[in-house]
Amino acid sequence: MVGEGSHLDQAANEFSEEIIGTMAATAYHPDISSIEAFTHAVGGLRWSSHKLTRIVRTYVTRLRNLAALGPANICADARAWAADGFQALPEATLQYNKLCVAANIEAEEVPLRLLAPYENAREVKLLQRTKRLEAPLADAEAKAVEYAMDILRALALST
């Protein structure tokens with residue numbers, strides 16, 4: 001209940017972003033070796049489409065940033081924010097949120113239609129398998145939103 005007395009304003013939204021970022025960092029942590037293998041394999045690839053090359057490289061950079069992202073010290077940051085009377089977010093929260101923005105893989109997903117002209121039959125099958133494996137991830141992300149709301153309620157940062 002450290003957030004009791006705070007206002008549900010932009011600062012509270014930014015603090016919730018720190019929580020969501022920490023959840024993402026924690027969720028992806030077990031897959032760091034897979035992320036590193038993927039980014040190593042894909043990071044140097046180039047296509048005749050400069051647009052596709054740019055999008056893939058941005059995606060690889062964001063994945064690398066995600067792999068490097070650790071959890072924030074949410075409790076310490078919440079206490080610091082409360083000690084300030086909820087006037088200004090701690091610098092640690094603001095800096096962490098910048099790192100989260102640099103690791104946001106949803107913002108730069110690779111459009112599959114751009115890859116289609118370069119795929120062979122084996123890769124088409126791999127893509128189909130990948131799509132099937134993504135469905136449980138989408139479900140887990142939806143469940144994570146519920147957990148984030150539970151955390152915000154426990155901190156008294158949500159109604």
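Below, each value reflects all heavy atoms present in this structure, side chains not excepted, and no hydrogens, waters or symmetry copies.
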Taking all heavy atoms of [X] and all of [Y], pick out the closest pair and write down the distance.
{"X": "V60", "Y": "G43", "result": "CG1-CA, 4.0 Å"}
{"X": "Y96", "Y": "P71", "result": "OH-CA, 3.8 Å"}
{"X": "P90", "Y": "D77", "result": "CG-O, 3.3 Å"}
{"X": "L127", "Y": "E119", "result": "CD2-OE2, 3.5 Å"}
{"X": "L63", "Y": "I35", "result": "O-CG2, 3.7 Å"}
{"X": "L69", "Y": "A103", "result": "CD2-CB, 4.4 Å"}

Contact check, side chains of [X] and [Y], non-hydrogen atoms, under 4.5 Å:
{"X": "N73", "Y": "C75", "answer": "yes"}
{"X": "T93", "Y": "W81", "answer": "no"}
{"X": "R64", "Y": "E36", "answer": "no"}
{"X": "N97", "Y": "L89", "answer": "no"}
{"X": "L99", "Y": "Q95", "answer": "no"}
{"X": "R153", "Y": "D150", "answer": "yes"}
{"X": "L115", "Y": "W47", "answer": "yes"}
{"X": "F15", "Y": "E18", "answer": "yes"}

Between [atom1] of [X] and [atom2] of [Y], what distance do you get to the nearest 0.5 Å?
{"X": "M23", "Y": "I74", "atom1": "CE", "atom2": "CD1", "value": "9.0 Å"}
{"X": "I151", "Y": "T22", "atom1": "CD1", "atom2": "OG1", "value": "8.5 Å"}
{"X": "L94", "Y": "E17", "atom1": "CG", "atom2": "CD", "value": "12.5 Å"}
{"X": "M149", "Y": "E146", "atom1": "CE", "atom2": "CD", "value": "10.5 Å"}
{"X": "C100", "Y": "L66", "atom1": "SG", "atom2": "CG", "value": "9.0 Å"}

Self-check item: R62 (side chain) donor-acceptor with V101 (main chain) under 3.5 angstrom
Solution: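 Here the side-chain-to-backbone pair exists.
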Quiz item: Where the side chain of E14 meets the backbone of A12, is there a donor-acceptor pair that is under 3.5 Å apart?
Solution: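 Checking the backbone N and O of A12 against the side chain of E14, no donor-acceptor pair under 3.5 Å is found.
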Quiz item: After noting the C-alpha distance and the side-chain angles of Q10 and N13, does the key distance pass the side-chain contact (heavy atoms from CB on, under 4.5 Å) rule?
Solution: CA-CA 5 Å; Q10 181 61 31; N13 288 336; 4.2 Å; yes
Self-check item: Co-membership, hydrophobic cluster, residues V110 and L126, 4.5 Å side-chain
Solution: no
Quiz item: Distance only, no hydrogens: is a donor on one side chain within 3.5 Å (strictly under) of an acceptor on the other, for S48 and Y118?
Solution: yes
Quiz item: For D84, which residues count as a salt bridge (Lys or Arg N to Asp or Glu O under 4.0 Å) partner, sequence neighbours excluded?
Solution: none
Self-check item: Contacts of K51 that satisfy salt bridge (Lys or Arg N to Asp or Glu O under 4.0 Å) - sequence neighbours left out
Solution: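 Partners of K51 by the salt bridge (Lys or Arg N to Asp or Glu O under 4.0 Å) criterion come out as none, since no residue qualifies.
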Quiz prompt | Partners passing side-chain hydrogen bond (donor to acceptor under 3.5 Å, both in side chains) against S33 (at least two apart in sequence or in another chain) | solution =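 Partners of S33 under the side-chain hydrogen bond (donor to acceptor under 3.5 Å, both in side chains) test: none.
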